[in-house]
Peer 1: 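Provided herewith is a single structure, encoded as structure tokens, for subsequent inquiry.
So that the names make sense, note that chain A is the first sequence line, chain B the second, and so on, each numbered from 1.
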Amino acid sequence: MSDTLSRVPGGAEAPSDFIRDAIRQDLRDGRFDRVHTRFPPEPNAYLHIGHAKAIWIDYGIAREFGGLFNLRFDDTNPLKEEQEFVDAIIEDVRWLGADFGDRLFFGSDYFEQMFTWAVQLIEKGKAYVCDLSPEQMRETRGTLTSPGTDSPFRERSVEENLDLFTRMRAGDFPDGTRTLRAKIDMASPNLVMRDPVMYRIRHASHHRTGDTWSIYPSYDWAHGLEDSIEGITHSLCSLEYEIHRPLYDWFLDELGIYHPRQIEFGRLGLSYTVMSKRRFVELVDGGFVQGYDDPRMPTLAGMRRRGYRPEAIWDFCERAGVGGRADVTIDAHVLEDCVRVDLNKVSRRLFAVLNPIKVVLLNVPEGETRWIEAVNNPEDPEAGTRKVPFTREIYIERDDFRKEPPPKFHRLYPGNEVRLRYACFITCVEVIEDADGEIVELHATIDPETWSGDAPDGRKPKGTIHWVSAEHGVEFEARLFDHLFGVPDPDDVPEGGSYLDNLNPDSLRVVHGIAEPTIRELTPEDRVQFERVGYFCLDRDSASGRLVLNRTVSLKDSWAKIEKAQASGQKG
RNA sequence: UGCCCGAUAGCUCAAUUGGCAGAGCGCCUGACUCUGGAUCAGGAGGUUCCAGGUUCGAGCCCUGGUCGGGCAGCCA
């Protein structure tokens, strides 16, 4: 192993995958003497978890190898691109923590240089102006199994091409009437190489260049040039561009300019959701979600609003890995696990009850408030403690009580004693029901000897439950999210069906809970764990007097698992 | 009936130059606990898509199949 290599980050200890291996090889061979990557989004949509993987690869590799990382907008199509998306993407990339420093670039800044290079190709006889209509071009391109035919304009003179191309730029011709094409091979088995379009006429206003251009470069022509101009070493992109690599190389070789290396990786998919811009639009426009940042959406904006931290997303990308040369779909539960692991370390704990039932503690005097010290985060001693009010009437989770306890149920039931977390032991002495047999209230007694946390006789209740003082409790709205789709693969539909048929009707459930007063201290995007319930994040919809919390993810519910096992055990 | 890519545990993926097939998640047991959380220990689970071939030895190399995906925008 090279000594130099093992000293730089990414040399010796760094993860190994086919991309990193290829880069190390390039460094050893002297093909490149540094590493410089870029993330090149088109500003026409919001970023999603799939983009996070690309950023993780681009930025992560640059950092590991001590190289540079650019954020570059590939804005070559004025019809689809908007400043709104530029702003949103920059915000998302920053939020993720991918540091591009001052290296924020726009493909449109290079239009003039691209034009100059196009003229060079024309002069070299490698590009020509073609008058074919879009339909004619399609017809002459051939098919997957048959070659195309040469355009009748393929052999125009350099002078005529130059004149026409200049007039295209000047705006002399209507949209769609002419293109500049590379002269390669209409019989190539790779359709991408059949005289691809380099420029098309578009009398459209661009979000950055305004009306200065009436021709715009195509992706294939522009992308390699952008990489070359910025001195990118490794142009990492998804698998769909693999077939474009010969063209990427062709342009750079014909121009004889600095030549980065394109390497493709598999796209990242997530189960129980969809990941295309078109479908995002359908979900939003169809009112199935409330926006691109709806917490159920796999967009970075949605995940942020839901309460995910970038750390969890990085961890997820790492677990997914670069993998082989294939697209991968990772189980959504893996992402959720990453979120739990991350939030567990950093979240303050709070008491909140989502489905309350009142408990009257008969031997606690009315009007008395006892302030209990509670640990803010057992995982982080520095998070300190807080005081939680305890009174005669409290709320507990309805699920934490059963009139007739099933086996292994260690929570509250008539005659049973449980621990109120951080407080004392209580025993249920009476169940109050209404005329319909609905439980409306419980009566219980506390053991005053157990305030220290231990009983003098050493007995230990099997269950510990959370609680909220009825007098001090603060009401809030909880938005409980579930997978947007009811099945792992939304595209798994019968003939003629739509992925929309698989929408999960219960992906959003709104309930009203009661929490300890500390909840009032939260500000939007603050994350907490409601003990024994799950992780929540204050939504920006919260206004004075109205608290809205998004459930980021529930805790693993092992009791639910036991119950499920019991239920299936009975029938089996 | 073209070109390119893929197929490994229930799921998603690993496996240096060919050298005893692994991980995470899920599942099952158990331990521990003031979150039935977290944590810890153990376990089950495989014809590496199929058929040939090369090799002392093949998940890996070769040939032929099967199945799945991508490619015929003046999108990126």
Peer 1: Within the pair A:R141 and B:rC74, is there a side-chain N or O less than 4.0 Å away from OP1 or OP2?
Peer 2: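 For B:rC74, OP1 or OP2 has a side-chain N or O of A:R141 closer than 4.0 Å.
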Peer 1: Rounded to whole Å, please give me the gap between CD1 in A:I446 and P in B:rC34.
Peer 2: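 Atom-to-atom, A:I446 to B:rC34, this comes out as 20 Å.
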Peer 1: What's the closest nucleotide to the A:T143 side chain, out of B:rA72, B:rC11, B:rC74?
Peer 2: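 Per side-chain heavy atoms of A:T143, the pick is B:rA72.
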Peer 1: How would you label the contact of A:G176 with the nucleic acid (heavy atoms, under 4.0 Å): base, sugar-phosphate, or nothing?
Peer 2: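 Since a base atom lies under 4.0 Å of A:G176, the category is base.
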Peer 1: Would B:rG53 be called syn or anti here, given the cut-off of 90° from 0?
Peer 2: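 Anti.
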Peer 1: Compare the minimum distances between each of B:rU12, B:rC34, B:rA76 and the side chain of A:R419, then state the nucleotide with the smallest one.
Peer 2: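 It is B:rC34.
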Peer 1: Can you check the A:M137 CE to B:rC74 C1' distance for me, whole Å?
Peer 2: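 Atom CE in A:M137 sits about 6 Å away from atom C1' in B:rC74.
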Peer 1: Considering heavy-atom distances to RNA chain B, does A:H223 or A:Q529 have its closest nucleotide positioned more toward the 5' end?
Peer 2: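 It is A:Q529 whose nearest nucleotide is closer to the 5' end.
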Peer 1: Are the charged groups of A:D380 and A:R348 less than 4.0 angstrom apart, N to O?
Peer 2: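 A:R348 and A:D380: not salt-bridged.
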Peer 1: If we take the C1' atom in both B:rC67 and B:rG26, what is their distance in whole Å?
Peer 2: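 Result for the C1' pair: 26 Å, nearest Å.
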Peer 1: Using a 4.0 Å heavy-atom cut-off, does A:S188 contact any base of the nucleic acid, only the sugar-phosphate backbone, or nothing at all?
Peer 2: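 Nothing: the residue A:S188, judged by heavy atoms under 4.0 Å, touches no strand.
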Peer 1: Pick base, sugar-phosphate or nothing for A:R411, based on heavy-atom distances below 4.0 Å to the nucleic acid.
Peer 2: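 Base contact - A:R411 has a heavy atom under 4.0 Å of at least one base atom.
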Peer 1: How is A:Y241 classified with respect to the nucleic acid when contacts are heavy atoms under 4.0 Å: base, sugar-phosphate, or nothing?
Peer 2: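 If one applies the 4.0 Å heavy-atom cut-off, A:Y241 turns out to touch a base.
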Peer 1: Between A:E230, A:R72, A:E226, which is the residue that forms a side-chain hydrogen bond (donor to acceptor under 3.5 Å, both in side chains) with A:Y110?
Peer 2: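 That would be A:E230; it is the only one of A:E230, A:R72, A:E226 passing the side-chain hydrogen bond (donor to acceptor under 3.5 Å, both in side chains) with A:Y110.
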Peer 1: Grab the N/O contacts between the protein and nucleotides 3-6 of chain B below 3.5 Å, and write none if there aren't any.
Peer 2:
residue : atom : partner : partner atom : Å
B:rC5   : O2'  : A:R325  : O            : 3.1

Peer 1: So what does A:E531 hit on the nucleic acid, given a heavy-atom distance under 4.0 Å: a base, only sugar-phosphate, or nothing?
Peer 2: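 A:E531: base contact, heavy atoms under 4.0 Å.
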Peer 1: Between B:rA21 and B:rC60, how far is it from one C1' atom to the other, in whole Å?
Peer 2: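 Per the computed distance, 12 Å lies between those C1' atoms.
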Peer 1: Specify the separation, in whole Å, of atom NE2 of A:H466 and atom P of B:rU33.
Peer 2: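 So the NE2-P distance, A:H466 to B:rU33, works out to 22 Å.
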Peer 1: For A:D491 and B:rG69, what is the distance between atoms CG and C1' respectively, to the nearest whole Å?
Peer 2: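 So the CG-C1' distance, A:D491 to B:rG69, works out to 13 Å.
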Peer 1: Using the P atom in both, what is the distance from B:rC61 to B:rU16, to the nearest Å?
Peer 2: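 Here B:rC61 and B:rU16 have their P atoms 11 Å from each other.
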Peer 1: For the C1' atoms, the ones on B:rC32 and on B:rG18, what distance do you get once it is rounded to whole angstrom?
Peer 2: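 Straight-line distance between the two C1' atoms is 47 Å.
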Peer 1: Measure the distance from CZ on A:R421 to P on B:rG37 and round it to the nearest whole Å.
Peer 2: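 Answer to the nearest Å: 12 Å.
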Peer 1: Taking atom C1' in both B:rU55 and B:rU17, compute the distance separating them and give it to the nearest angstrom.
Peer 2: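 Straight-line distance between the two C1' atoms is 16 Å.
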Peer 1: Which value, in whole Å, describes the distance between the C1' atoms of nucleotides B:rA9 and B:rU66?
Peer 2: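 That atom pair is separated by 22 Å.
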Peer 1: Could you tell me the separation between the CD atom of A:E139 and the P atom of B:rC74, rounded to a whole number of Å?
Peer 2: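 Going from CD in A:E139 over to P in B:rC74 covers 13 Å.
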Peer 1: Classify A:K462 by what it touches in the nucleic acid, base, sugar-phosphate, or nothing, heavy-atom distance under 4.0 Å.
Peer 2: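 The answer is nothing, as A:K462 stays clear of every strand by at least 4.0 Å.
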Peer 1: With a 4.0 Å cut-off on heavy atoms, is A:L132 in touch with a base, just the backbone sugar-phosphate, or nothing at all?
Peer 2: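 If one applies the 4.0 Å heavy-atom cut-off, A:L132 turns out to touch a base.
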Peer 1: Within less than 4.0 Å of OP1 or OP2 of B:rA38, is there a side-chain N or O belonging to A:K556?
Peer 2: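 True: A:K556 side-chain N/O within range (under 4.0 Å) of B:rA38 OP1/OP2.
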Peer 1: Given atom CD of A:E318 and atom C1' of B:rC13, what is their separation to the nearest angstrom?
Peer 2: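 Rounded to the whole Å, the gap is 15 Å.
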Peer 1: Report yes or no: is the cationic atom of A:R169 (NZ for Lys, CZ for Arg) under 6.0 Å from the centre of the six-membered ring of A:W213, at an angle within 45° of the ring normal?
Peer 2: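 Flagged: A:R169 positioned over aromatic ring of A:W213.
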Peer 1: Please check the phosphate of B:rA76 (OP1 and OP2 only) for any side-chain N or O of A:T76 closer than 4.0 Å.
Peer 2: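 Answer is yes, contact under 4.0 Å.
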Peer 1: Looking only at heavy atoms, what is the nearest atom pair of A:S151 and A:R181, with distance?
Peer 2: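 That would be CB-NH2, 3.7 Å.
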Peer 1: Under 4.0 Å between a Lys/Arg side-chain N and an Asp/Glu carboxylate O for A:D454 and A:R419?
Peer 2: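 A salt bridge is absent here (no side-chain N lies under 4.0 Å from a carboxylate O).
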Peer 1: Can we say A:R141 and A:D195 salt-bridge, meaning some charged N sits less than 4.0 Å from an Asp/Glu carboxylate O?
Peer 2: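 Answer for the salt bridge query: no.
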Peer 1: Starting the side chain at C-beta, find the nucleotide from B:rA38, B:rG2, B:rU35 nearest to A:R532.
Peer 2: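 Nearest to the side-chain atoms of A:R532, counting from C-beta on, is B:rU35.
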Peer 1: Hey, does the Lys NZ or Arg CZ of A:R20 hover above the aromatic six-ring of A:W56, less than 6.0 Å from the centre and inside 45° of the axis?
Peer 2: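 Yes.
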Peer 1: Quantified in whole Å, what is the P atom distance between nucleotide B:rC3 and nucleotide B:rG19?
Peer 2: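 Pairwise P distance, B:rC3 against B:rG19, rounds to 31 Å.
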Peer 1: I want to verify a distance call: between B:rG2, B:rC74, B:rA76, whose nearest atom is closest to the A:T145 side chain?
Peer 2: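 Given the options B:rG2, B:rC74, B:rA76, the side chain of A:T145 is closest to B:rG2.
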Peer 1: Please tell me which of the listed nucleotides, B:rG36, B:rC34, B:rA38, lies nearest to the side chain of A:F409?
Peer 2: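 The nucleotide sitting nearest to the side chain is B:rG36.
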Peer 1: Under a 3.5 Å cutoff on both atom distances, Watson-Crick or G-U, what's the dot-bracket for RNA chain B ([ ] crossing, | other strand)?
Peer 2: .((((((..((((.....[..)))).(((((.......))))).....(((((..]....))))))))))).....
Peer 1: Pick base, sugar-phosphate or nothing for A:R181, based on heavy-atom distances below 4.0 Å to the nucleic acid.
Peer 2: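 The answer is nothing, as A:R181 stays clear of every strand by at least 4.0 Å.
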Peer 1: Specify the closest pair of heavy atoms between A:P40 and A:H223, including all atoms of both residues, with the distance to one decimal.
Peer 2: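 Taking A:P40 first and A:H223 second, the nearest heavy atoms are CB-CE1, 3.6 Å.
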Peer 1: Any donor-acceptor pair, under 3.5 Å, between the side chain of A:R319 and the base of B:rU12, if you only look at N and O atoms?
Peer 2: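 Between B:rU12 and A:R319, which were checked side chain against base, a qualifying N/O pair under 3.5 Å is absent.
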Peer 1: Less than 4.0 angstrom from a charged side-chain N to a carboxylate O is my criterion; do A:R267 and A:E240 meet it?
Peer 2: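 Looking at A:R267 and A:E240, the cut-off is met.
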Peer 1: Would you classify A:H244 as touching base, sugar-phosphate or nothing, given that sugar-phosphate means primed atoms plus P, OP1 and OP2, and contacts are heavy atoms under 4.0 Å?
Peer 2: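 Base contact.
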Peer 1: Under 4.0 Å between any heavy atoms, over every strand shown, what does A:L144 touch: base, sugar-phosphate, or nothing? Just pick one.
Peer 2: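 Answer is base: heavy atoms of A:L144 come under 4.0 Å of a base.
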Peer 1: What contact category does A:S146 fall into here, base, sugar-phosphate, or nothing, at under 4.0 angstrom with non-hydrogen atoms?
Peer 2: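 A:S146: no heavy atom of the nucleic acid under 4.0 Å.
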Peer 1: Using the six-membered ring of A:W314, assess whether NZ or CZ of A:R309 lies under 6.0 Å from its centre and within 45 degrees of the ring axis.
Peer 2: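 Relative to the ring axis of A:W314, which defines the angle, A:R309 lies outside at least one limit.
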Peer 1: Would you kindly compare A:L191 and A:N377 by the position of their nearest RNA chain B nucleotide and give the one closer to the 5′ end?
Peer 2: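 The residue whose closest nucleotide sits nearer the 5' end is A:N377.
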Peer 1: Validate the cation-pi geometry between A:R178 and A:F173: distance from NZ or CZ to the six-membered ring centre under 6.0 Å, angle to the ring axis within 45°.
Peer 2: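 Verdict for A:F173: a cation-pi partner in A:R178.
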Peer 1: Using atom CG of A:N376 as one end and atom C1' of B:rU35 as the other, report the distance to the nearest whole Å.
Peer 2: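 After rounding, the gap between these two atoms is 14 Å.
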Peer 1: Passes side chain to side chain donor-acceptor pair (under 3.5 Å), A:N77 versus A:E81? Steps please.
Peer 2: CA-CA 6 Å; A:N77 185 352; A:E81 296 148 8; 5.4 Å; no
Peer 1: Are the ring of A:H410 and the base ring of B:rG36 both nearer than 5.5 Å at their centres and tilted by less than 30°?
Peer 2: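 It does: the two rings, one from A:H410 and one from B:rG36, meet the stacking criterion.
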Peer 1: Is there a donor in the side chain of A:N44 and an acceptor in the side chain of A:E42, or the other way round, less than 3.5 Å apart?
Peer 2: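 Checked: A:N44/A:E42 side chains pair up, N/O donor to acceptor below 3.5 Å.
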Peer 1: Looking only at side-chain atoms of A:I330, point me to the closest of B:rC74, B:rA76, B:rU12.
Peer 2: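 For A:I330, the side-chain atoms sit closest to B:rU12.
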Peer 1: Can you name the side-chain hydrogen bond (donor to acceptor under 3.5 Å, both in side chains) partners of A:Q529, sequence neighbours left out?
Peer 2: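 For A:Q529, the residues satisfying side-chain hydrogen bond (donor to acceptor under 3.5 Å, both in side chains) (neighbours in sequence not counted) are A:Y535.
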Peer 1: For B:rA76, take OP1 and OP2 only and decide whether either is under 4.0 Å from a side-chain N or O of A:R72.
Peer 2: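 Result: no.
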Peer 1: Would you say the base of B:rG73 and the side-chain of A:R200 have a donor-acceptor pair closer than 3.5 Å?
Peer 2: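 Counting by modelled atom types and ignoring angles, no donor-acceptor contact under 3.5 Å is found here.
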Peer 1: Which whole number of Å gives the distance between the C1' atom of B:rG2 and that of B:rG22?
Peer 2: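 After rounding to an integer number of Å, I get 39 Å for this pair.
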